[in-house]
Student: 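Okay, here's the structure, questions in a sec.
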Amino acid sequence: MSQLTGNPEPRHHPPEEMLVQHAAGQLDTARRITIEAHLGFCPRCRTAFARWSQPGEALLSAFGTAPSAGPGGTATAELDPAGELGDSWSRLEAGIDALEEEDDRPTFAPPPPLPPGLRGMLPARLYQRRWRRIPFSTARFTIVEHDQESSTTLLMVHIGPDRLFPRHEHLGYEDVVVLEGAFRDQKGLFGQGDFQLNEPGTMHRPEVQPGAPCWILSRYDKGVRFTGFRGWAQRFGS
Amino acid sequence: MLEVGFSTPSATVWPVEKHRKSSAREQLGASRELDTTADPVLLARVAGRDRVAFRVLHRRHAGKVRGYLRRVCRDPEVAEDLLQEVFLGIWRQAGGYCQERGAVGAWIFGIVRNKIFDARRRGKLVLSAMDEAIENVEAPPDSRRDLRLALYQALETLPETQRQAVSMTYIGGFTYDETAARLAVPLGTLKSRLRAGLKHLRDCLGVSPT
Ligand SMILES: [Zn+2]
């Protein structure tokens, strides 16, 4: 059981290589968020990730103290006895003051449960952004992040219970993380915290399970193409 | 476009305590009392918007983070801006830390690495090569500092090819593509060298996350 929600632990995990890349600070913002969302729900991957990020502690200490001190530098070098960090703290406090307390909820549904800390990685006033409908579908989505350089986009999507998400083809890679509810497709059942990686050229039509809406995060690098009569809507995401 | 009607947050939303603002003097006094409090406890309080705990955490880690950023970035002003971004990130993401994720220092290092990556994306960051820094890591004079001694030994025994991969990407902040190009190796080779190098480091540093 997940410590956080009482739901079963995720059964679908990101590849280990993505955890290594995350530990090495190599992930774009969108994938960092999908991976962190999964980690928030998945104790198994948190432990695996901790192994890859563990050297960071010693490296930060070793390279963060004065070069002459090297890794044997004294603790006082870190503690800033001269109070040089006072200015940094004042500036930081001003920065925190500027982060307003948000009253930010979607108007069409209760917000999805987000793992602790994840909200802080998402943009401010997320739910007050424009939430568009996917044509001929009850699904709504908003663009959380878009990186022009890598043409990577992160969407948050809400699909009502017992609904189909339109059949679509992946032009590039797509990561999906379920925040709430569950969907089923040919790869199986994906519930809260599950991570799905879709390869270019694959196609699926996720079917949301009855009883609860499904909230997902979807990160794609080349967009998706709706097939069938929704094909005209392919502007979405491309 | 949107239907009306606010709903209450669902029951599974994690509670966040409202932050309490206190005077600077109060804060400083209280923060001294927390000086011996363990990092994970401080971070849990930061997640509850406790500024006093955050101040202690800042005092404890900002020097290292700044030192590291100054080494990696060529421009000290950029390093200073990144220091701010790192600590704002800690403030905003504190709830995401739990002890399963290992030491707080490693978690902070993750945020540092991401801020470096983002700054490079925005094109405002020129990195220094860390190869030399990693070559020049000295043996700690005080063997009681176990972690650093272990790190020194780990770096000493790291095969050259793995050391390059670790120093450029994991420590230095260069992307996989840049590193692979500079070392003139395929991406797959770089990835496996990095994994082997990190395995070596973590074996030397002790495997069990706290
Ligand atoms: Zn997992």
Side-chain angles (χ1 to χ4, degrees), chain A residues 4-5 17 20-21 23-26 29 32 36 40 43 46-47 49-67 70-72 77-80 85 88-89 91-93 95-96 99 105 107-111 113-118 120-121 130-131 147 149 180, chain B residues 2-4 6-10 12-14 47 55 58-59 62-65 67-68 71 83-84 87-88 91-96 100-103 105-106 108-110 113-114 116-117 121 133 137-138 140-142 145 147-148 151-152 169-171 173 175-176 194-195 198 201-202 205 209:
Chain A
L4 304 176
T5 61
E17 180 57 33
V20 182
Q21 288 185 25
Q26 298 280 327
T29 320
R32 208 182 289 159
E36 279 292 329
R46 280 201 294 273
T47 305
F49 178 68
R51 288 200 301 270
W52 294 110
S53 54
Q54 183 209 5
E57 188 197 15
L59 293 171
L60 184 60
S61 292
F63 293 100
T65 42
E78 293 162 19
L79 289 174
D80 181 38
L85 288 165
S88 164
W89 170 256
R91 197 176 149 196
L92 187 58
E93 266 215 303
I96 294 168
L99 297 171
R105 285 171 288 182
T107 50
F108 55 90
L114 299 176
L118 193 72
M121 297 182 76
R130 190 171 159 217
W131 284 77
D147 179 42
E149 196 196 325
E180 186 174 33
Chain B
L2 297 175
E3 287 154 19
V4 284
F6 254 108
S7 322
T8 50
S10 62
T12 41
V13 172
W14 293 274
R55 183 166 193 166
H58 181 266
R59 197 156 61 221
K64 275 186 296 206
V65 173
Y68 174 78
R71 267 189 138 172
L83 176 67
Q84 291 292 315
F87 274 86
L88 281 176
W91 175 259
R92 299 194 63 178
Q93 296 166 44
E100 273 163 345
R101 300 191 57 151
I108 291 176
F109 187 68
R113 299 287 297 96
N114 288 331
I116 290 172
F117 186 89
R121 268 289 169 85
V137 164
E138 296 159 29
D142 178 356
R145 299 187 59 77
L147 187 64
R148 289 179 178 205
L151 178 71
Y152 169 73
T169 59
Y170 201 87
I171 305 175
T175 65
Y176 279 8
L194 179 63
R195 284 176 77 136
L198 290 177
L201 287 188
R202 82 183 186 213
L205 294 169

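As a basis for the values below, the full set of heavy atoms in this structure was taken, side chains included, without hydrogen atoms, waters or symmetry mates. So you know, we letter chains A, B, ... as the sequences are listed, proteins then strands, and number each from 1.
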Student: Just verifying a value: how many Å separate A/E17 CD and B/L194 CG, rounded to the nearest 0.5 Å?
Tutor: 8.0 Å
Student: Give, as side chain, backbone, both or neither, the part of A/E149 having an atom under 4.5 angstrom from any heavy atom of chain B.
Tutor: side chain
Student: Sort A/Q21 into side chain, backbone, both or neither according to what part of it lies under 4.5 angstrom from a heavy atom of chain B.
Tutor: both
Student: Enter the distance from B/I108:CD1 to A/S53:OG here, rounded to the nearest 0.5 Å.
Tutor: 12.0 Å
Student: Minimum heavy-atom separation for B/Y170 and A/A23, please, with both atom names.
Tutor: CE1-O, 3.5 Å
Student: I need the A/Q54 CD to B/L205 CG distance, nearest 0.5 Å.
Tutor: 5.5 Å
Student: What is the minimum heavy-atom distance between A/L59 and B/L201, and which atoms define it?
Tutor: CD1-CD1, 4.5 Å
Student: Most heavy-atom pairs under 4.5 angstrom with chain B, which of A/V20, A/T29, A/L118?
Tutor: A/V20
Student: Chain A: which of B/A94, B/G110, B/A106 shares the most heavy-atom pairs with it under 4.5 Å?
Tutor: B/A106
Student: Quick check: closest heavy atoms across B/G102 and A/A50, and the distance to 0.1 Å?
Tutor: N-CB, 4.0 Å
Student: Can you name the nearest heavy-atom pair linking A/G95 to B/L88, along with the distance?
Tutor: C-CD2, 3.9 Å
Student: Are the side chain of B/R113 and the backbone of A/A24 linked by a donor-acceptor contact shorter than 3.5 Å?
Tutor: yes
Student: Would you say B/R101 and A/F49 make side-chain contact, with heavy atoms under 4.5 Å?
Tutor: yes
Student: For the residue pair B/R59 and A/W89, establish whether any side-chain heavy-atom pair is separated by less than 4.5 Å.
Tutor: no
Student: Compare every heavy atom of A/D147 with every heavy atom of B/R121, then report the nearest pair and how far apart it is.
Tutor: NH1-OD2, 2.8 Å
Student: For a quick test of reading the model, state the closest non-hydrogen atom pair linking A/G56 to B/F109 and the distance between them.
Tutor: CA-CD2, 3.3 Å
Student: Identify which part of B/L198 has an atom lying under 4.5 Å from any heavy atom of chain A, answering side chain, backbone, both or neither.
Tutor: both
Student: Please report the interatomic distance CD(A/E93) to CZ(B/F87), rounded to the nearest 0.5 Å.
Tutor: 13.5 Å
Student: Is the side chain of B/Q84 donor-acceptor paired with the backbone N or O of A/L92 at a distance under 3.5 Å, no angle test?
Tutor: yes
Student: First locate atom CG of B/N114, then atom CE of A/M121, and finally report the distance between them rounded to the nearest 0.5 Å.
Tutor: 6.5 Å
Student: Identify which part of B/I116 has an atom lying under 4.5 Å from any heavy atom of chain A, answering side chain, backbone, both or neither.
Tutor: neither
Student: Give, for atom CZ of B/R202 and atom CD of A/E57, the distance between the pair rounded to the nearest 0.5 Å.
Tutor: 15.5 Å
Student: What part of A/R32 is in contact with chain B, defined as an atom under 4.5 angstrom from a non-hydrogen atom: side chain, backbone, both or neither?
Tutor: side chain
